[in-house]
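Computed from a prediction, not measured in an experiment: that's the story for all the values here.
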Amino acid sequence: MKYSHPLSMEETFLKHRDLTFMLCHLGDPWVMDTAALLEKNPNLYTDLSGWIVGDAAKVERLLQEQTYTDHFRRAIVFAEKYDRLVFGTDWPLVQLEPYIQFVKHLIPEAHWEDVFYNNALRVFPKLAQMME
């Protein structure tokens, strides 16, 4: 884990402002560090994948665990960069529909269209071209 800390990439984000970077899993377990990086680096996006491995029952159980959901919510609210959060799942490690509900629980509804759709098109412009 020594080389997987999000802060190890900060110099790269700064040096290559012309590139877009995707930091996976909101940098979990270092979500607050990732939130700080998002705040300072407009070329950085993060996905919201890989937080749960399990079935719908596990997702439902974790939705009820405030300490678990607060771990992610705190970083998301701190960063306030809903325009650079991208939905992801790590499927098939978690079922798609329950994980969508989990992420919806953390993201204000006003930002769902960006998180679940628009932001991915900004990060991956070839997707937008394919959809034209």
Side-chain angles (χ1 to χ4, degrees):
M1 302 226 359
K2 178 179 177 180
Y3 299 107
S4 62
H5 195 287
L7 292 178
S8 68
M9 291 296 297
E10 184 174 27
E11 288 180 39
T12 304
F13 302 148
L14 293 169
K15 186 176 179 180
H16 299 285
R17 291 288 193 191
D18 58 321
L19 296 177
T20 300
F21 293 90
M22 173 67 74
L23 203 154
C24 296
H25 312 300
L26 191 66
D28 190 39
W30 304 287
V31 296
M32 288 304 294
D33 294 332
T34 301
L37 288 169
L38 278 171
E39 203 176 29
K40 296 174 182 174
N41 295 283
N43 58 332
L44 176 62
Y45 286 73
T46 186
D47 77 12
L48 308 179
S49 71
W51 297 338
I52 301 175
V53 174
D55 59 11
K58 183 168 184 182
V59 174
E60 184 59 35
R61 183 176 59 78
L62 290 175
L63 272 170
Q64 305 309 313
E65 292 288 340
Q66 185 173 347
T67 54
Y68 191 79
T69 57
D70 282 354
H71 169 71
F72 302 107
R73 183 177 285 117
R74 182 174 172 231
I76 290 167
V77 169
F78 176 83
E80 284 192 304
K81 298 298 179 190
Y82 297 101
D83 62 329
R84 289 191 272 125
L85 302 177
V86 178
F87 175 74
T89 66
D90 275 8
W91 179 88
L93 301 178
V94 66
Q95 297 167 342
L96 187 58
E97 190 58 39
Y99 199 75
I100 289 170
Q101 296 310 311
F102 183 82
V103 172
K104 282 183 173 181
H105 180 76
L106 299 173
I107 303 294
E109 187 172 354
H111 302 287
W112 287 357
E113 190 170 344
D114 283 335
V115 171
F116 287 97
Y117 183 73
N118 294 326
N119 297 343
L121 298 180
R122 281 194 285 279
V123 175
F124 306 108
K126 289 185 179 181
L127 284 177
Q129 293 169 359
M130 291 172 48
M131 298 179 77
E132 292 176 350

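- A pairwise comparison of heavy atoms in Asp90 and Ser49 identifies OD1-OG, 3.5 Å as the closest pair.
- Heavy atoms only, all atoms of each residue included: Phe102 and Leu63 are closest at CD1-CD2, 3.6 Å.
- Listed by chain and number, the residues in a side chain to side chain donor-acceptor pair (under 3.5 Å) with Asp83 amount to none (sequence neighbours excluded).
- Taking Glu39 as the reference, nothing meets the side chain to side chain donor-acceptor pair (under 3.5 Å) condition, with sequence neighbours excluded.
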Which pairs of donor and acceptor atoms, one on a side chain in residues 50-58, lie under 3.5 Å apart (sequence neighbours left out)?
{"unit_1": "Trp51", "atom_1": "NE1", "unit_2": "His25", "atom_2": "O", "d": "3.0"}
{"unit_1": "Asp55", "atom_1": "OD1", "unit_2": "Ala57", "atom_2": "N", "d": "3.3"}
{"unit_1": "Asp55", "atom_1": "OD1", "unit_2": "Lys58", "atom_2": "N", "d": "3.0"}
{"unit_1": "Lys58", "atom_1": "NZ", "unit_2": "Val53", "atom_2": "O", "d": "3.1"}

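- A donor-acceptor contact shorter than 3.5 Å is absent between the side chain of Asp47 and the backbone of Val86.
- At least one side-chain heavy atom of Leu38 sits less than 4.5 Å from a side-chain heavy atom of Leu85.
- Scanning for side chain to side chain donor-acceptor pair (under 3.5 Å) contacts around Arg73 gives Asp70, His105, with sequence neighbours left out.
- Under the side chain to side chain contact (heavy atoms under 4.5 Å, CB included) criterion, Glu80 pairs with no residue, sequence neighbours left out.
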Contacts table for residues 26-35: side-chain donor-acceptor under 3.5 angstrom, sequence neighbours left out:
{"unit_1": "Asp28", "atom_1": "OD1", "unit_2": "His71", "atom_2": "NE2", "d": "2.7"}
{"unit_1": "Asp33", "atom_1": "OD2", "unit_2": "His5", "atom_2": "NE2", "d": "2.9"}
{"unit_1": "Thr34", "atom_1": "OG1", "unit_2": "Leu26", "atom_2": "O", "d": "3.1"}
{"unit_1": "Thr34", "atom_1": "OG1", "unit_2": "Trp30", "atom_2": "O", "d": "3.2"}

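- Cluster annotation: Leu44 is connected to Ile76 through the hydrophobic network of ILVMFWY side chains, with a link wherever side-chain heavy atoms come within less than 4.5 Å.
- Scored by the side chain to side chain donor-acceptor pair (under 3.5 Å) test, His111 finds no partners at all (sequence neighbours excluded).
- Checking side-chain atoms of Asn43 against main-chain N and O of His16 turns up a donor-acceptor pair under 3.5 Å.
- Screening Phe116, Tyr45, Tyr82 against Phe87 for a ring pair (Phe, Tyr, Trp, His ring centres under 6.0 Å) leaves a single residue, Phe116.
- Taking Tyr117 as the reference, Leu121, Met131 meet the side chain to side chain contact (heavy atoms under 4.5 Å, CB included) condition, with sequence neighbours excluded.
- Annotation: ring-ring contact (aromatic ring centres under 6.0 Å, His included) contacts of Phe124 (sequence neighbours excluded): none.
- The two residues Arg84 and Asn41 come nearest to each other via the heavy atoms NH1-O, 2.8 Å.
- In this structure, Phe78 has no ring-ring contact (aromatic ring centres under 6.0 Å, His included) partners at least two apart in sequence or on a different chain.
- Here salt bridge (charged side-chain N to carboxylate O under 4.0 Å, His left out) pairs that include residues 96-110, with residues two or more places apart or in two chains, number zero.
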